[in-house]
Amino acid sequence: MKVRTEGSSNYEYVTARVRSRKKKLFDEDDYRKLVRMGQGEIARFMEDTEYGTEMNALGTRHSGIDLVEYALARNLAKHFDDLLTWAEGPLYDYVANYLRKFDAWNVKTVIRGVYTDAAPEAIETDLVRTGEFSERRLDRAAEAGSIEEVTEQLSPTIFGDPLAAAMGDFESEGVLVPLENAVDRAYYAHLLDELGRTVPNSPEGLYGEFLEAEIDFRNLRNALRIARSGADIDPAEYYIEGGQLFDREELRQVATNVDELVERVRASIYGAELSRALEELEAADSLIRFERALEAALLEYSSKLSNRYPLSVCPVISYILAKEREVRNVRAIARGREAGLPVEEIEEELVMT
Amino acid sequence: MLETTDIAAVALQDSGGSAVSKEGAAALAVGLGALGTGYAQSRIGAAAVGAVAEDDEMFVTGLIFTALPETLIIIAFVTIFLV
(Lines give C-alpha, C1' and ligand atoms only; values in the text may rest on other atoms or scores of the structure.)
Protein backbone atom coordinates (compact mmCIF):
# COMPACT_ATOMS: atom_id res chain seq x y z
CA MET A 1 0.00 0.00 0.00
CA LYS A 2 1.70 3.15 -1.18
CA VAL A 3 1.37 6.24 0.89
CA ARG A 4 2.53 9.08 -1.30
CA THR A 5 5.44 9.50 -3.65
CA GLU A 6 5.97 12.83 -5.29
CA GLY A 7 9.06 14.88 -5.97
CA SER A 8 12.38 14.22 -4.34
CA SER A 9 13.30 13.63 -0.73
CA ASN A 10 14.59 16.46 1.43
CA TYR A 11 17.14 14.37 3.31
CA GLU A 12 19.37 17.33 4.16
CA TYR A 13 16.71 19.23 6.05
CA VAL A 14 15.21 16.28 7.87
CA THR A 15 18.48 14.66 8.90
CA ALA A 16 19.83 17.99 10.20
CA ARG A 17 16.79 18.43 12.44
CA VAL A 18 16.71 14.81 13.49
CA ARG A 19 20.37 14.73 14.43
CA SER A 20 19.96 17.84 16.48
CA ARG A 21 16.99 16.31 18.33
CA LYS A 22 18.79 13.04 18.87
CA LYS A 23 21.61 14.88 20.59
CA LYS A 24 19.15 16.45 23.01
CA LEU A 25 17.87 13.09 24.29
CA PHE A 26 18.74 12.07 27.84
CA ASP A 27 22.24 10.76 28.32
CA GLU A 28 23.62 8.30 30.83
CA ASP A 29 24.09 11.00 33.46
CA ASP A 30 20.44 11.96 33.27
CA TYR A 31 19.40 8.36 33.69
CA ARG A 32 21.74 7.93 36.64
CA LYS A 33 20.14 10.96 38.28
CA LEU A 34 16.61 9.85 37.43
CA VAL A 35 17.07 6.37 38.84
CA ARG A 36 17.94 7.84 42.23
CA MET A 37 15.02 10.27 42.37
CA GLY A 38 11.76 9.94 44.23
CA GLN A 39 8.42 10.08 42.43
CA GLY A 40 7.88 13.79 43.05
CA GLU A 41 11.41 14.59 41.99
CA ILE A 42 10.99 12.71 38.73
CA ALA A 43 7.90 14.76 37.89
CA ARG A 44 9.72 17.98 38.72
CA PHE A 45 12.78 16.96 36.72
CA MET A 46 10.60 16.16 33.72
CA GLU A 47 8.96 19.58 33.87
CA ASP A 48 12.32 21.21 33.25
CA THR A 49 13.06 19.12 30.18
CA GLU A 50 11.70 18.48 26.70
CA TYR A 51 8.55 17.10 28.28
CA GLY A 52 7.62 20.28 30.17
CA THR A 53 4.87 21.38 27.76
CA GLU A 54 3.12 18.03 27.93
CA MET A 55 3.54 17.78 31.69
CA ASN A 56 1.84 21.15 32.13
CA ALA A 57 -0.89 20.45 29.60
CA LEU A 58 -1.84 17.16 31.22
CA GLY A 59 -1.19 18.29 34.79
CA THR A 60 -4.84 19.10 35.47
CA ARG A 61 -6.11 15.69 34.44
CA HIS A 62 -3.49 13.30 35.76
CA SER A 63 -1.00 13.27 38.56
CA GLY A 64 2.05 11.42 39.80
CA ILE A 65 3.53 8.66 37.67
CA ASP A 66 0.45 8.50 35.41
CA LEU A 67 1.13 12.09 34.47
CA VAL A 68 4.72 11.22 33.55
CA GLU A 69 3.58 8.30 31.45
CA TYR A 70 0.93 10.20 29.52
CA ALA A 71 3.30 13.12 28.98
CA LEU A 72 5.88 10.71 27.57
CA ALA A 73 3.38 9.20 25.14
CA ARG A 74 2.12 12.56 23.99
CA ASN A 75 5.60 13.94 23.53
CA LEU A 76 6.56 10.89 21.50
CA ALA A 77 3.55 11.38 19.26
CA LYS A 78 4.39 15.07 18.81
CA HIS A 79 7.95 14.39 17.74
CA PHE A 80 7.02 11.65 15.30
CA ASP A 81 4.27 13.76 13.78
CA ASP A 82 6.89 16.45 13.26
CA LEU A 83 8.93 13.97 11.25
CA LEU A 84 5.98 13.41 8.94
CA THR A 85 5.41 17.13 8.47
CA TRP A 86 9.03 17.69 7.49
CA ALA A 87 9.60 14.77 5.20
CA GLU A 88 8.84 14.90 1.49
CA GLY A 89 8.90 12.42 -1.37
CA PRO A 90 10.15 8.88 -0.86
CA LEU A 91 11.52 9.82 2.55
CA TYR A 92 7.95 10.51 3.68
CA ASP A 93 6.95 7.04 2.50
CA TYR A 94 9.71 5.36 4.46
CA VAL A 95 9.00 7.27 7.65
CA ALA A 96 5.24 6.86 7.38
CA ASN A 97 5.65 3.14 6.84
CA TYR A 98 7.97 2.77 9.77
CA LEU A 99 5.68 4.78 12.02
CA ARG A 100 2.87 2.36 11.29
CA LYS A 101 4.50 0.60 14.21
CA PHE A 102 2.35 2.88 16.34
CA ASP A 103 -0.74 2.08 14.32
CA ALA A 104 -0.05 -1.55 15.16
CA TRP A 105 0.46 -0.58 18.78
CA ASN A 106 -2.80 1.37 18.83
CA VAL A 107 -4.73 -1.44 17.18
CA LYS A 108 -3.46 -3.81 19.85
CA THR A 109 -4.33 -1.38 22.62
CA VAL A 110 -7.84 -0.97 21.25
CA ILE A 111 -8.35 -4.73 20.86
CA ARG A 112 -7.14 -5.38 24.39
CA GLY A 113 -9.24 -2.53 25.74
CA VAL A 114 -12.39 -3.68 24.01
CA TYR A 115 -11.72 -7.27 25.06
CA THR A 116 -11.51 -6.28 28.72
CA ASP A 117 -14.54 -3.96 28.38
CA ALA A 118 -12.55 -0.87 29.28
CA ALA A 119 -14.27 2.50 28.93
CA PRO A 120 -13.58 4.26 25.58
CA GLU A 121 -12.04 7.22 27.45
CA ALA A 122 -9.65 4.90 29.23
CA ILE A 123 -8.59 3.34 25.93
CA GLU A 124 -8.19 6.74 24.30
CA THR A 125 -5.80 7.99 26.96
CA ASP A 126 -3.57 5.00 26.31
CA LEU A 127 -3.28 5.53 22.57
CA VAL A 128 -0.15 6.98 21.02
CA ARG A 129 -1.49 9.40 18.49
CA THR A 130 1.00 9.16 15.70
CA GLY A 131 1.26 6.97 12.63
CA GLU A 132 -1.09 6.80 9.69
CA PHE A 133 -4.50 6.50 11.36
CA SER A 134 -6.58 9.65 11.68
CA GLU A 135 -7.84 10.81 15.06
CA ARG A 136 -11.36 9.90 14.03
CA ARG A 137 -10.53 6.37 13.05
CA LEU A 138 -8.81 5.81 16.38
CA ASP A 139 -11.67 7.31 18.37
CA ARG A 140 -14.26 5.31 16.49
CA ALA A 141 -12.31 2.09 16.98
CA ALA A 142 -11.97 2.81 20.70
CA GLU A 143 -15.71 3.36 20.98
CA ALA A 144 -16.52 0.02 19.35
CA GLY A 145 -18.53 -2.35 21.47
CA SER A 146 -17.00 -5.61 20.32
CA ILE A 147 -13.91 -7.00 18.63
CA GLU A 148 -15.96 -7.59 15.45
CA GLU A 149 -16.78 -3.90 15.32
CA VAL A 150 -13.12 -2.99 15.75
CA THR A 151 -12.09 -5.19 12.83
CA GLU A 152 -14.86 -3.66 10.76
CA GLN A 153 -13.65 -0.15 11.56
CA LEU A 154 -10.15 -1.13 10.53
CA SER A 155 -11.10 -2.91 7.32
CA PRO A 156 -9.89 -0.12 4.97
CA THR A 157 -6.41 -0.18 6.58
CA ILE A 158 -3.55 -2.60 6.08
CA PHE A 159 -4.62 -4.43 9.24
CA GLY A 160 -8.13 -5.08 7.93
CA ASP A 161 -7.65 -8.28 5.96
CA PRO A 162 -5.21 -10.02 8.32
CA LEU A 163 -7.46 -9.22 11.28
CA ALA A 164 -10.53 -10.52 9.49
CA ALA A 165 -8.61 -13.71 8.66
CA ALA A 166 -7.58 -14.16 12.28
CA MET A 167 -11.10 -13.65 13.61
CA GLY A 168 -11.95 -17.32 13.16
CA ASP A 169 -9.05 -18.42 15.38
CA PHE A 170 -9.96 -15.80 17.92
CA GLU A 171 -13.55 -16.95 18.09
CA SER A 172 -12.69 -20.62 18.42
CA GLU A 173 -9.88 -20.17 20.97
CA GLY A 174 -11.07 -17.10 22.80
CA VAL A 175 -7.56 -15.65 23.19
CA LEU A 176 -6.14 -12.47 21.70
CA VAL A 177 -2.87 -13.98 20.51
CA PRO A 178 -3.99 -14.73 16.90
CA LEU A 179 -5.24 -11.16 16.47
CA GLU A 180 -2.08 -9.63 17.89
CA ASN A 181 0.10 -11.80 15.72
CA ALA A 182 -1.94 -10.81 12.69
CA VAL A 183 -1.33 -7.13 13.49
CA ASP A 184 2.42 -7.60 13.91
CA ARG A 185 2.74 -9.62 10.74
CA ALA A 186 0.72 -7.12 8.73
CA TYR A 187 3.04 -4.36 9.90
CA TYR A 188 6.27 -6.12 9.02
CA ALA A 189 4.94 -7.51 5.75
CA HIS A 190 4.10 -4.01 4.53
CA LEU A 191 7.36 -2.57 5.73
CA LEU A 192 9.30 -4.76 3.32
CA ASP A 193 6.76 -4.65 0.50
CA GLU A 194 7.11 -0.94 0.20
CA LEU A 195 10.85 -1.11 -0.11
CA GLY A 196 10.73 -3.67 -2.91
CA ARG A 197 13.97 -4.87 -4.46
CA THR A 198 16.93 -2.70 -3.71
CA VAL A 199 20.51 -2.35 -4.79
CA PRO A 200 22.80 -3.71 -2.08
CA ASN A 201 24.99 -1.14 -0.35
CA SER A 202 22.81 1.77 -1.48
CA PRO A 203 20.99 3.81 1.17
CA GLU A 204 17.77 1.92 0.43
CA GLY A 205 19.62 -1.38 0.52
CA LEU A 206 21.00 -0.60 3.95
CA TYR A 207 17.57 0.41 5.16
CA GLY A 208 16.32 -2.95 3.95
CA GLU A 209 19.16 -4.63 5.84
CA PHE A 210 18.19 -2.77 8.94
CA LEU A 211 14.58 -3.85 8.64
CA GLU A 212 15.70 -7.44 8.14
CA ALA A 213 17.83 -7.17 11.26
CA GLU A 214 14.88 -5.84 13.20
CA ILE A 215 12.70 -8.74 12.07
CA ASP A 216 15.45 -11.25 12.83
CA PHE A 217 15.95 -9.83 16.30
CA ARG A 218 12.25 -10.00 16.94
CA ASN A 219 12.07 -13.61 15.78
CA LEU A 220 15.07 -14.41 17.94
CA ARG A 221 13.47 -12.79 20.96
CA ASN A 222 10.19 -14.63 20.46
CA ALA A 223 11.99 -17.94 19.98
CA LEU A 224 13.97 -17.46 23.17
CA ARG A 225 10.95 -16.45 25.16
CA ILE A 226 9.11 -19.55 24.03
CA ALA A 227 12.15 -21.75 24.66
CA ARG A 228 12.52 -20.29 28.13
CA SER A 229 8.92 -20.38 29.18
CA GLY A 230 8.82 -24.05 28.31
CA ALA A 231 5.25 -23.57 27.21
CA ASP A 232 3.88 -25.86 24.58
CA ILE A 233 3.52 -23.24 21.88
CA ASP A 234 4.50 -23.62 18.28
CA PRO A 235 7.14 -20.92 17.71
CA ALA A 236 6.39 -20.95 14.00
CA GLU A 237 3.04 -19.35 14.81
CA TYR A 238 4.89 -16.25 15.93
CA TYR A 239 7.27 -16.24 13.03
CA ILE A 240 7.54 -13.00 11.07
CA GLU A 241 8.44 -13.28 7.40
CA GLY A 242 11.24 -11.27 5.89
CA GLY A 243 14.20 -11.99 8.09
CA GLN A 244 17.23 -13.87 6.87
CA LEU A 245 18.41 -15.55 10.04
CA PHE A 246 15.77 -18.25 10.27
CA ASP A 247 12.96 -19.56 8.17
CA ARG A 248 9.81 -20.91 9.73
CA GLU A 249 11.02 -24.51 10.00
CA GLU A 250 14.43 -23.61 11.40
CA LEU A 251 12.85 -21.44 14.01
CA ARG A 252 10.73 -24.33 15.16
CA GLN A 253 13.82 -26.51 15.52
CA VAL A 254 16.10 -24.10 17.36
CA ALA A 255 13.43 -22.80 19.70
CA THR A 256 13.53 -26.04 21.64
CA ASN A 257 17.22 -25.79 22.37
CA VAL A 258 18.70 -22.57 23.72
CA ASP A 259 22.35 -23.62 23.30
CA GLU A 260 21.82 -24.47 19.68
CA LEU A 261 20.10 -21.14 19.17
CA VAL A 262 23.02 -19.26 20.69
CA GLU A 263 25.52 -21.14 18.52
CA ARG A 264 23.43 -20.41 15.48
CA VAL A 265 23.31 -16.68 16.15
CA ARG A 266 27.01 -16.53 16.93
CA ALA A 267 27.84 -17.99 13.54
CA SER A 268 25.45 -15.66 11.71
CA ILE A 269 26.15 -12.20 10.30
CA TYR A 270 24.92 -10.68 13.55
CA GLY A 271 27.59 -12.55 15.52
CA ALA A 272 29.78 -9.51 16.10
CA GLU A 273 26.93 -7.16 16.95
CA LEU A 274 25.24 -9.57 19.29
CA SER A 275 28.31 -10.95 21.03
CA ARG A 276 27.63 -8.82 24.11
CA ALA A 277 24.01 -9.92 24.21
CA LEU A 278 24.98 -13.56 23.86
CA GLU A 279 27.55 -13.28 26.63
CA GLU A 280 24.90 -11.79 28.88
CA LEU A 281 22.64 -14.67 28.07
CA GLU A 282 25.25 -17.31 28.84
CA ALA A 283 26.82 -15.64 31.85
CA ALA A 284 23.85 -14.22 33.68
CA ASP A 285 21.39 -16.68 32.27
CA SER A 286 18.99 -13.78 32.29
CA LEU A 287 16.44 -13.25 29.56
CA ILE A 288 15.77 -9.65 30.55
CA ARG A 289 19.42 -8.73 30.15
CA PHE A 290 19.57 -10.50 26.83
CA GLU A 291 16.54 -8.65 25.54
CA ARG A 292 17.95 -5.32 26.65
CA ALA A 293 21.28 -6.13 25.04
CA LEU A 294 19.41 -7.09 21.86
CA GLU A 295 17.70 -3.72 21.81
CA ALA A 296 20.95 -1.92 22.49
CA ALA A 297 22.53 -3.81 19.60
CA LEU A 298 19.77 -2.75 17.23
CA LEU A 299 20.15 0.83 18.39
CA GLU A 300 23.88 0.74 17.81
CA TYR A 301 23.40 -0.85 14.41
CA SER A 302 21.04 1.93 13.38
CA SER A 303 23.50 4.60 14.53
CA LYS A 304 26.25 2.91 12.59
CA LEU A 305 24.11 2.90 9.45
CA SER A 306 23.22 6.55 9.89
CA ASN A 307 26.91 7.43 9.91
CA ARG A 308 27.66 5.32 6.89
CA TYR A 309 24.88 6.91 4.83
CA PRO A 310 24.20 10.38 6.26
CA LEU A 311 21.78 11.33 3.49
CA SER A 312 19.30 8.50 3.77
CA VAL A 313 16.42 7.41 5.91
CA CYS A 314 18.83 5.73 8.35
CA PRO A 315 19.40 8.76 10.65
CA VAL A 316 15.64 9.20 10.92
CA ILE A 317 15.09 5.57 11.85
CA SER A 318 17.95 5.77 14.30
CA TYR A 319 16.30 8.79 15.92
CA ILE A 320 12.92 7.08 16.10
CA LEU A 321 14.51 4.10 17.84
CA ALA A 322 16.50 6.28 20.22
CA LYS A 323 13.46 8.34 21.15
CA GLU A 324 11.41 5.22 21.72
CA ARG A 325 14.11 3.86 24.03
CA GLU A 326 14.22 7.09 25.96
CA VAL A 327 10.49 7.03 26.53
CA ARG A 328 10.63 3.40 27.55
CA ASN A 329 13.58 3.99 29.88
CA VAL A 330 11.97 6.93 31.64
CA ARG A 331 8.77 4.96 31.97
CA ALA A 332 10.64 2.01 33.44
CA ILE A 333 12.35 4.31 35.94
CA ALA A 334 9.12 6.04 36.93
CA ARG A 335 7.18 2.80 37.32
CA GLY A 336 10.10 1.12 39.04
CA ARG A 337 10.38 3.91 41.60
CA GLU A 338 6.65 3.79 42.14
CA ALA A 339 6.84 0.08 42.88
CA GLY A 340 9.81 0.70 45.15
CA LEU A 341 12.30 -1.42 43.20
CA PRO A 342 15.97 -1.07 44.17
CA VAL A 343 18.18 1.07 41.96
CA GLU A 344 20.16 -1.88 40.56
CA GLU A 345 17.06 -3.66 39.44
CA ILE A 346 15.77 -0.61 37.59
CA GLU A 347 19.14 -0.07 35.96
CA GLU A 348 18.96 -3.59 34.61
CA GLU A 349 15.76 -2.64 32.81
CA LEU A 350 17.31 0.32 31.03
CA VAL A 351 18.67 0.23 27.52
CA MET A 352 21.78 2.32 27.24
CA THR A 353 24.38 2.48 24.52
CA MET B 1 35.07 5.49 -46.86
CA LEU B 2 38.12 7.67 -47.27
CA GLU B 3 36.12 10.13 -49.34
CA THR B 4 33.49 10.68 -46.72
CA THR B 5 36.07 11.43 -44.03
CA ASP B 6 37.78 13.85 -46.39
CA ILE B 7 34.54 15.65 -47.01
CA ALA B 8 33.82 15.76 -43.32
CA ALA B 9 37.26 17.21 -42.65
CA VAL B 10 36.75 19.90 -45.26
CA ALA B 11 33.30 20.72 -43.96
CA LEU B 12 34.69 21.08 -40.43
CA GLN B 13 37.49 23.36 -41.62
CA ASP B 14 34.98 25.45 -43.47
CA SER B 15 33.03 26.42 -40.40
CA GLY B 16 36.30 27.96 -39.21
CA GLY B 17 37.12 29.62 -35.87
CA SER B 18 35.12 28.71 -32.76
CA ALA B 19 31.39 28.93 -32.40
CA VAL B 20 31.74 30.94 -29.22
CA SER B 21 33.89 34.00 -28.84
CA LYS B 22 36.45 34.27 -26.04
CA GLU B 23 34.20 36.52 -24.01
CA GLY B 24 31.29 34.17 -24.58
CA ALA B 25 33.31 31.20 -23.31
CA ALA B 26 34.26 33.16 -20.19
CA ALA B 27 30.62 34.03 -19.62
CA LEU B 28 29.71 30.34 -19.96
CA ALA B 29 32.37 29.45 -17.37
CA VAL B 30 30.93 31.95 -14.92
CA GLY B 31 27.40 30.76 -15.58
CA LEU B 32 28.23 27.11 -15.06
CA GLY B 33 30.10 27.99 -11.88
CA ALA B 34 27.00 29.81 -10.66
CA LEU B 35 24.86 26.72 -11.37
CA GLY B 36 27.21 24.55 -9.33
CA THR B 37 27.14 27.03 -6.49
CA GLY B 38 23.37 27.12 -6.54
CA TYR B 39 23.10 23.35 -6.43
CA ALA B 40 25.52 23.04 -3.53
CA GLN B 41 23.96 25.91 -1.61
CA SER B 42 20.43 24.60 -1.97
CA ARG B 43 21.35 21.38 -0.21
CA ILE B 44 23.57 22.95 2.42
CA GLY B 45 21.01 25.69 2.97
CA ALA B 46 18.26 23.14 3.61
CA ALA B 47 20.39 21.38 6.19
CA ALA B 48 21.44 24.69 7.77
CA VAL B 49 17.85 25.89 8.11
CA GLY B 50 16.96 22.57 9.69
CA ALA B 51 19.78 22.86 12.19
CA VAL B 52 18.95 26.48 13.03
CA ALA B 53 15.28 25.61 13.54
CA GLU B 54 16.34 23.16 16.25
CA ASP B 55 19.06 25.25 17.83
CA ASP B 56 19.57 29.01 17.38
CA GLU B 57 23.25 28.73 18.15
CA MET B 58 23.77 26.94 14.87
CA PHE B 59 22.99 30.14 12.97
CA VAL B 60 26.57 31.36 12.47
CA THR B 61 27.94 27.91 11.68
CA GLY B 62 25.08 27.32 9.27
CA LEU B 63 25.68 30.63 7.57
CA ILE B 64 29.39 29.91 7.11
CA PHE B 65 28.74 26.51 5.60
CA THR B 66 26.02 27.87 3.34
CA ALA B 67 28.38 30.56 2.08
CA LEU B 68 31.30 28.18 1.45
CA PRO B 69 30.28 27.14 -2.12
CA GLU B 70 30.34 30.85 -2.92
CA THR B 71 34.07 30.35 -3.53
CA LEU B 72 33.16 28.41 -6.67
CA ILE B 73 31.51 31.34 -8.36
CA ILE B 74 34.11 33.80 -7.12
CA ILE B 75 36.90 31.78 -8.70
CA ALA B 76 34.85 31.36 -11.88
CA PHE B 77 34.44 35.13 -11.90
CA VAL B 78 38.22 35.52 -12.27
CA THR B 79 38.00 34.12 -15.83
CA ILE B 80 36.30 37.37 -16.87
CA PHE B 81 39.51 39.28 -16.19
CA LEU B 82 41.77 36.68 -17.81
CA VAL B 83 40.33 37.00 -21.33
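Hydrogens, waters and symmetry mates are skipped; everything else that's a heavy atom, side chains included, is used. Naming: A, B, ... by sequence-line order, numbering from 1 per chain.
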Problem set entry | A:Arg335 atom CZ, over 12 foreign heavy atoms within 6.0 Å | yes

Problem set entry | Heavy atoms of other groups near A:Tyr70 OH, more than 12 under 6.0 Å | yes

Seminar exercise, completed: Heavy-atom closest pair (B:Ala51 atom, A:Ala16 atom, distance to 0.1 Å) is N-CB, 3.9 Å

For this session: Find the distance between CD (B:Glu54) and NZ (A:Lys23) and round it off to the nearest 0.5 Å.
Result: 12.0 Å

Seminar exercise, completed: In short, A:Arg17 meets B:Gly50 closest at the heavy-atom pair CG-O, 3.3 Å

